[in-house]
Enquirer: 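Take a look at the following structure, please.
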There are 2 protein chains.
Amino acid sequence: MLWGYGVNMKKLEIPEEVKKELREKGGWSNVKKSLPLKEIKEVEKVMKVLSCDTRLRILYALSEQRMCVCMLTELTGCSYSKCSYHLSKLKDAGLIKATRKGNYLIYSLTPFGRSIVRHFKKYKPEVKK
Amino acid sequence: MLWGYGVNMKKLEIPEEVKKELREKGGWSNVKKSLPLKEIKEVEKVMKVLSCDTRLRILYALSEQRMCVCMLTELTGCSYSKCSYHLSKLKDAGLIKATRKGNYLIYSLTPFGRSIVRHFKKYKPEVKK
DNA sequence: TCACCATTTCAAATTTTTTTGAAATTATTC
DNA sequence: GAATAATTTCAAAAAAATTTGAAATGGTGA
């Protein structure tokens, strides 16, 4: 067996072209080891926060200008508590920050948040079916 | 009232600095209208697919080399059906594609998938708490 | 054609995320 | 220092995503 024993595996005869590529890459255990698991976890965290319509709308809006929560509730059609929930997610991920001005909390993008929106606007990924 | 009536709103007196910025941006309705809702929806779809550890591991793995499903089950520790579920999400988003080789389906990245992984590897976003 | 293998599909069970509304916080004004 | 405004927090309810295992599909070779 080429690469150890998998949970669900019987005998394997992987296509020659794939095996060849595998040899060139230094073998299965090498390929397996080179997965950057820690980096992947970090990426996952950020992607989770970005995978929500409401949060993206907030992010795009804040890329235009600073806003207090009442503006964001009006913009997104969300209740305060809902808005607040999403804001906390964005904040935890380091994408936005808030400063207090009297009774108002004014939210704005962090440099990290700004760089993300810039990417989106630049690349506009297209999804096909 | 500056900008219409929100669901939860009483009287508002937004901080002067924010109002000033708002005027410079052409007023509230202008800022509101300029949110690219369609683009945001597209971004959301892709982010949703990318916001999962298993799928990211598959994506990173495929950026190293083509793999059949049995390899991916071994790599991720997932059952076939679980793997298949995640593969279909990645495929629907246009990030990976499959070609059949006898009994085997060999998955690989699309150009779009490749460009995404390239970005991740380049920017390695950091999350702070 | 039959048995077998790699993989997908389906529906039910489980887990995770989001929504809701009421109550708590914090600052402000009188 | 009470009343009020903007916002957050909390716990329960609802919705969405994932996991599971059994059954289906489609290719292969005898």
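Every chain is numbered from 1, with letters handed out A, B, ... down the list of sequences.
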Enquirer: Side chain of Y107(B) only, please: which of dT9(D), dT8(C), dT9(C) is the nearest?
Expert: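 Among the listed nucleotides, the one closest to the side chain of Y107(B) is dT8(C).
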Enquirer: Measure from the side chain of Y85(A), starting at C-beta and using heavy atoms only, and say which of dA17(D), dT19(C), dA22(C) lies closest.
Expert: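 Closest of the options to the side chain of Y85(A): dT19(C).
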Enquirer: Side chain of S81(B): nearest nucleotide among dT9(D), dT9(C), dA6(D)?
Expert: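 Closest nucleotide to the S81(B) side chain: dT9(C).
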Enquirer: If you check every side-chain atom of K82(B), which of dT19(D), dG21(C), dA17(D) has the closest atom?
Expert: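 Side chain of K82(B) sits closest to dT19(D).
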Enquirer: Rounded to whole angstroms, how far apart are NZ on K91(A) and P on dT7(D)?
Expert: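 Between P of dT7(D) and NZ of K91(A): 13 Å.
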Enquirer: What is the separation between atom NZ on K48(A) and atom P on dT15(C), rounded to the nearest whole Å?
Expert: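 The distance from NZ of K48(A) to P of dT15(C) comes to 16 Å, rounded to the nearest Å.
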Enquirer: Give the B/S/- string for nucleotides 23-30 of chain D, one per nucleotide from 5' to 3', where a protein heavy atom under 4.0 Å of the base yields B, of only the sugar-phosphate yields S, and otherwise -.
Expert: ---BBS--
Enquirer: Can you measure Y80(B) atom OH to dT18(D) atom P for me and round it to whole angstrom units?
Expert: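 Taking atom P of dT18(D) as the reference, OH of Y80(B) is at 22 Å.
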Enquirer: Taking atom P of dT19(C) as reference, at what distance in whole Å does atom NZ of K89(A) sit?
Expert: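 These atoms are roughly 11 Å apart.
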Enquirer: What are the two closest heavy atoms between A98(A) and Y107(A), and how far apart are they?
Expert: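 In this case the closest contact between A98(A) and Y107(A) is CB-CE2, 3.5 Å.
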Enquirer: List, one per line, each side-chain donor-acceptor pair under 3.5 Å for residues 53-63 of chain B, sequence neighbours excluded.
Expert:
| unit_1 | atom_1 | unit_2 | atom_2 | d |
| --- | --- | --- | --- | --- |
| D53(B) | OD2 | R57(B) | NH1 | 2.1 |
| R55(B) | NE | V49(B) | O | 2.7 |
| R55(B) | NH1 | H86(B) | ND1 | 3.1 |
| R55(B) | NH2 | K48(B) | O | 3.2 |
| R57(B) | NH2 | T76(B) | O | 2.9 |
| Y60(B) | OH | E39(A) | OE2 | 3.0 |
| S63(B) | OG | Y60(B) | O | 2.6 |
| S63(B) | OG | K121(B) | NZ | 3.1 |

Enquirer: A side-chain contact here means heavy atoms from C-beta on lying under 4.5 Å apart; do M71(B) and V31(A) qualify?
Expert: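 Heavy-atom side-chain distance check fails, nothing below 4.5 Å.
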Enquirer: Rounded to the nearest 0.5 Å, what's the gap from CD on E44(B) to CZ on F120(A)? Could you check?
Expert: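 That separation rounds to 11.0 Å.
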Enquirer: Is it true that a side-chain atom of T110(A) and a backbone atom of L95(A) form a donor plus acceptor pair closer than 3.5 Å?
Expert: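 Yes, the answer is positive, given that a donor and an acceptor are paired below the 3.5 Å cut-off.
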Enquirer: Working note: R23(B) + E16(B), criterion salt bridge (charged side-chain N to carboxylate O under 4.0 Å, His left out); need CA distance, chi angles, decisive distance, verdict.
Expert: CA-CA 10 Å; R23(B) 279 193 297 276; E16(B) 190 48 46; 3.2 Å; yes
Enquirer: Which nucleotide sits closest to the side chain of Y104(B): dT18(C), dA6(C), dT8(D)?
Expert: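 So the side chain of Y104(B) is nearest to dA6(C).
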Enquirer: Looking at dT8(D), dT7(C), dT18(D), which one has an atom nearest to any side-chain atom of H86(B)?
Expert: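 So the nucleotide nearest the side chain must be dT18(D).
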Enquirer: Find the distance I14(B):CD1 to dT7(D):C1' and express it as a whole number of Å.
Expert: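 To the nearest whole Å, that distance equals 14 Å.
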Enquirer: With nearest nucleotides of DNA chain C determined for I106(B) and S51(A) from heavy-atom distances, which residue corresponds to the more 5′ nucleotide?
Expert: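 Looking at the nearest nucleotide for each, I106(B) comes out on the 5' side.
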Enquirer: Using whole Å, what does the distance between atom C1' of nucleotide dT16(C) and atom CG of D53(B) come to?
Expert: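 Atom CG in D53(B) sits about 14 Å away from atom C1' in dT16(C).
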Enquirer: Under 4.5 Å between side-chain heavy atoms, hopping through other hydrophobics if needed: is there a path connecting Y80(B) to L72(B)?
Expert: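 Cluster IDs for Y80(B) and L72(B) match.
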Enquirer: Can you tell me the distance, in whole Å, between the CG atom of L105(B) and the P atom of dT9(C)?
Expert: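 Nearest whole value for this atom pair: 10 Å.
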Enquirer: For the pair made of CG in L90(A) and P in dT8(D), what is the distance, rounded to whole Å?
Expert: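 To the nearest whole Å, that distance equals 12 Å.
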